[in-house]
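Reminder, nothing fancy here: chain letters follow the sequence lines and each chain counts from 1. Please read these numbers as outputs of a predicted model, since none were measured by experiment.
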Amino acid sequence: MNSLEQQISTLAKAAVKALYGVEADDGQIQLQKTRPEFEGNITLVVFPFVKMARKAPAQVAAEIGEWLMANGEELIAKYNAVQGFLNLSISDAFWIDQLKAIDADEHYGHFEQPSEKALPFRKGEGVGSPLMMVEYSSPNTNKPLHLGHVRNNLLGYSIAQIQEANGWKVVKTNIVNDRGIHICKSMLAWLKFGNGETPESSGKKGDHLIGDYYVRFDKEYKAQIAELMAAGKDEETAKREAPLMLEAQEMLRKWEANDPEVRALWARMNEWVYAGFDETYRRMGVSFDKIYYESNTYLEGKSEVEKGLASGVFYRREDGSVWADLTQDGLDEKLLLRSDGTSVYMTQDIGTAKLRFQDYPIDKMVYVVGNEQEYHFKVLSILLDRLGFPFGKELVHFSYGMVELPNGKMKSREGTVVDADDLMDKMVEDAREISKDKVNTLQGITAEEADEIARKVGLGALKYFILKVDPRKNMLFNPAESIDFNGNTGPFIQYTYARIRSVLRKAESLQPSAVSSQLDPKELNLIQRLCEYPSIVRTAGDDFSPAVICNYAYALACDFNSFYHDLSILNESDTQKKALRLLLSANVAKVLCSAMALLGIEMPERM
RNA sequence: GGUCCGGUAGCUCAGCUGGAUAGAGCAACAGCCUUCUAAGCUGUGGGUCUCGGGUUCGAAUCCCGACCGGAUCACCA
């Protein structure tokens, strides 16, 4: 609730008290933005008072309207009552004050402290902002990043920005799954079929090179299975006994036993992958404050499980495997250590949590991981809590939906993936193509500037396309249809910004003190929109939803374009009106830029 | 089968803490550039908000029940 809503709310309560002698509670004060087809800015829904007034809704609305006009201290300029809706027109002076306040606030829309709703269990104990750790990306090191990872990375990065704006100290982290059978598969295929190929020798990006051998492994493995089945084995047996699989498993055992050769190869190939990932991350514009590797955390997890075993949180079965009993919580029993003593995913996550908590005073832990792992995180939350991690019980699994292709899910091994690097290339290329038609507006720019614009716009289109969808929902990506640059898109918002910047470049300095005191409806509408921004940031933070920011930025850009179309800024002869429009435009640009920054989208000065 | 999530225009999606005649974009059609960037603006057509009950002044929104789609319930990650 912003200050206007607060003021109206207080006045409305007083009106109800004075007119009908009843104390209205907060839940009965329902305010909404007035629909465009009616006159007014803010609307009070009076249905809740109809019973206590024992009058027709329209009459109640009119009575409250009259009272507010008489007692509203010039805040309310006009009112009209339509059925049970009381539409209030707020005075121009109020809006102009709001605009000046927004202009004066360098960090408009950013908060010092998290909202009440988001406050953690350690409330008040620490000094300064509470700390939120956001884990995202978390790739396997056997293949390059694809569109699914892109959604994860963009959501994770954006959520981190949004929470920072909401007053959290945020640590972005990445847990790299750098060990396991999948990496061994790539390693083995490379040894057998690679002929010593390196990123340098082939010119391939390291992660792509490794990914190629992962696919190669699968191909050869399937051939062996087919061979065994042709020789009379059933499928299960063939899968289990295929020589390549046995070799890969042997390699994993050697890795766990610290075999120097296997470890050296593993380290070398992982380095190739990291170099490739770094490039993709840099291009995507995401970053991390701290990176953990599972090869370093899984042993920590084992010892945590041992401790839990000693303290009776877990139990050991006859075959030596270790389990947690979650039946009290309505869940199953969960394996933590296999009978051969090796760790599972859950074990590693416990170990990672331990190290993280040693490294940072975490108040809130957020895992950005797909919705197929909801059960896993439900269990992890309970286990961390039982093991005594303060953030365990309230950990947030920021669960998002899959990215689907027209023919279904993406599968790395089957090659039905949209590669992250290719996709970014394509987007930037498309942006460059489109801007070629705009030579008249972009004349005189250097090749570097043109590259920068294409990069920002192409990536902006991609990021907005992904982030505007409610994270919880599955989303569809059709590679055959290119992502739009018109309509409800990133470039639309960037274009709006570039237009404003162009106007501001041509204008003299801003003079907030010399603005007009009269507002055109389009101007008022824009100011009102700007006023919504802080509460939008709060909602996006509380709900973990970059989509909320997207919707807002789009609405703001729409409002501005309508204003821009109807009213002249630089050619306005009334200097006070001109000053107001410049001030307004500058602040729309500021808020658009701020909102897009929360999405990780950069704004071009011209396009 | 149990649990969780989703179903809104031809397509992609908003709206969901109950409020006025359910909104955008794309696609289709018709207009607007001698004037601050036309990646823009304006208009037209397009809906059984999956279905059936219930709650109430009022339901796309809340509750119950179907149906459809997805995820998950591994000594996988």
Side-chain angles (χ1 to χ4, degrees), chain A residues 27 30 32 34-35 37-38 43 45-48 50-51 57 82-85 87 138 140 177 180-182 294 317 319-323 330-332 334-346 348-349 369-376 378-379 399 401-402 404 408-409 431 434-435 437-438 440-442 457 461 465 468-470 472-478 481 483-496 498-507 539 547-548 550-551 554-555 557-558 560-562 564-572 578 581-582 585 606-607:
Chain A
Q30 292 178 39
Q32 52 185 276
T34 304
R35 289 177 147 257
E37 58 266 36
F38 300 99
T43 294
V45 182
V46 303
F47 288 109
V50 165
K51 259 187 194 149
V82 181
Q83 298 168 53
F85 300 92
N87 303 318
S138 311
N140 290 353
N177 188 1
I181 190 72
H182 45 285
E294 264 178 14
R317 286 189 183 167
D319 63 4
S321 57
V322 176
W323 296 75
L331 302 173
D332 273 332
K334 187 76 191 173
L335 177 87
L336 291 163
L337 289 177
R338 296 190 187 97
S339 49
D340 65 3
T342 57
S343 65
V344 293
Y345 187 35
M346 190 65 72
Q348 295 165 17
D349 262 353
V369 179
N371 60 11
E372 76 272 17
Q373 291 191 30
E374 269 165 15
Y375 183 74
H376 173 81
K378 203 175 278 183
V379 173
S399 160
M402 301 285 98
E404 288 167 343
K409 281 184 74 172
I434 290 169
S435 66
D437 302 335
K438 322 284 170 192
N440 48 338
T441 60
L442 290 175
V457 172
F465 175 81
K468 78 170 175 181
V469 179
D470 183 337
R472 289 172 305 163
K473 294 189 178 177
N474 288 354
M475 64 179 292
L476 184 81
F477 176 79
N478 187 347
E481 295 169 14
I483 293 175
D484 266 309
F485 287 78
N486 297 321
N488 186 357
T489 66
F492 170 88
I493 296 164
Q494 291 171 318
Y495 178 72
T496 306
R499 272 177 148 183
I500 299 175
R501 298 300 300 166
S502 173
V503 169
L504 294 176
R505 275 194 298 273
K506 291 174 182 166
T539 304
V548 168
C550 289
N551 290 341
Y554 178 63
C558 284
F560 181 83
N561 283 323
S562 168
Y564 179 89
H565 181 264
D566 290 4
L567 303 172
S568 184
I569 302 167
L570 297 175
N571 297 328
E572 172 57 52
K578 184 174 172 182
R581 287 174 194 169
L582 281 169
S585 301
R606 57 183 78 208
M607 66 186 272

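Neither OP1 nor OP2 of B:rC41 sits under 4.0 Å from any side-chain N or O of A:Ser562. Using a 4.0 Å cut-off, no side-chain N or O of A:Tyr345 falls inside it from OP1 or OP2 of B:rA77. Applying the 4.0 Å criterion to OP1 and OP2 of B:rC16, one finds that A:Arg472 has every side-chain N and O outside that range. Residue A:Lys473 places at least one side-chain N or O closer than 4.0 Å to OP1 or OP2 of B:rG7. A sub-4.0 Å separation between OP1 or OP2 of B:rC36 and a side-chain N or O of A:Arg581 is absent. Between B:rC73 and A:Lys334, no contact under 4.0 Å exists linking OP1 or OP2 to a side-chain N or O.
For A:Asn87 against B:rA20, a side-chain-to-base donor-acceptor contact under 3.5 Å is present. Side-chain atoms of A:Thr43 come within donor-acceptor range of the base of B:rA20, with a qualifying N/O pair under 3.5 Å.
Residue contacts shown for A:Gln30 include a base, since a base heavy atom lies under 4.0 Å away. No engagement by A:Asp566 is indicated, since no non-hydrogen atom pair under 4.0 Å with the nucleic acid exists. Contacts of A:Asp470 with the nucleic acid, taken as non-hydrogen atoms under 4.0 Å apart, involve only primed sugar atoms and P, OP1 or OP2. Residue contacts shown for A:Val457 include a base, since a base heavy atom lies under 4.0 Å away. Residue-level contact check: A:Ile569 touches the bases, meaning some heavy atom is under 4.0 Å from a base atom. In this structure, A:Met607 reaches the bases: a heavy-atom distance under 4.0 Å links it to at least one base atom across the strands shown. Among the heavy atoms of the strands lying under 4.0 Å from A:Gln373 is at least one base atom, whether or not backbone atoms are also near.
Straight-line distance between the P atoms of B:rG65 and B:rA27: roughly 43 Å, to the nearest whole Å. With both ends at atom P, the span from B:rG15 to B:rG54 equals 29 Å, rounded to whole Å. Between the P atoms of B:rU35 and B:rG19, the separation comes to 45 Å (whole Å).
For B:rC68, the base is anti relative to its sugar; the glycosidic angle deviates from 0 by more than 90°.
Of all nucleotides listed (B:rC13, B:rU72, B:rC36), B:rC13 comes nearest to the side chain of A:Met475. Of the candidates B:rC41, B:rC76, B:rU37, the closest approach to any side-chain atom of A:Asn561 belongs to B:rC41. Among the nucleotides B:rU35, B:rG70, B:rA38, the one closest to any side-chain atom of A:Asn474 is B:rG70. Considering only the side chain of A:Asp332, B:rC73 comes nearest among B:rC13, B:rC73, B:rC36.
A:Phe477 and A:Phe465 have perpendicular rings, their planes meeting at more than 60° on a 0 to 90° scale where under 30° would count as parallel.
In terms of the side-chain hydrogen bond (donor to acceptor under 3.5 Å, both in side chains) criterion, residue partners of A:Glu572 (sequence neighbours excluded) are, by chain and number, A:Arg581. Take A:Lys334 and apply the salt bridge (charged side-chain N to carboxylate O under 4.0 Å, His left out) test, not counting sequence neighbours, and it matches no residue. In this structure A:Arg35 satisfies the salt bridge (charged side-chain N to carboxylate O under 4.0 Å, His left out) test together with A:Glu37, sequence neighbours excluded.
B:rC11 atom P lies 15 Å from atom CD of A:Glu404, rounded to whole Å. Protein atom CG of A:Leu331 is 12 Å distant from nucleotide atom C1' of B:rG2, rounded to whole Å. Residue A:Glu374 contributes atom CD, which lies 11 Å from atom P of B:rC73 at whole-angstrom precision. Residue A:Gln32 contributes atom CD, which lies 17 Å from atom P of B:rU61 at whole-angstrom precision. Rounded to a whole Å, the CD atom of A:Glu372 is 13 Å from the C1' atom of B:rC4.
Judged by centroid separation below 5.5 Å and plane tilt below 30°, A:Phe85 does not stack onto the base of B:rG19.
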What protein N or O atoms touch nucleotides 54-57 of chain B N or O atoms at under 3.5 angstrom, if any, and at what distances?
from   : atom 1 : to      : atom 2 : distance (Å)
B:rC57 : OP1    : A:Lys51 : NZ     : 3.2

Distances under 3.5 Å between nitrogen or oxygen atoms of protein and nucleotides 22-32 of chain B:
from   : atom 1 : to       : atom 2 : distance (Å)
B:rA24 : O2'    : A:Tyr554 : OH     : 2.9

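Using modelled atom types and a 3.5 Å distance limit, the side chains of A:Thr496 and A:Asn561 yield a donor-acceptor pair. Between A:Arg338 and A:Thr342, the side chains place a donor N or O and an acceptor N or O closer than 3.5 Å (distance only, hydrogens not considered).
A:Arg606 contributes atom CZ, which lies 13.5 Å from atom OG of A:Ser435 (distance to the nearest 0.5 angstrom). Taken from OG in A:Ser585 to CZ in A:Arg499, the straight-line distance is 11.5 Å, to the nearest 0.5 Å.
Salt bridge A:Arg472/A:Asp470: present, at least one basic N to carboxylate O contact under 4.0 Å.
Taking a pair as Watson-Crick or G-U wobble with both distances under 3.5 Å, the runs of three or more consecutive pairs in RNA chain B are B:1-7 with B:67-73, B:10-13 with B:23-26, B:28-32 with B:40-44, B:50-54 with B:62-66.
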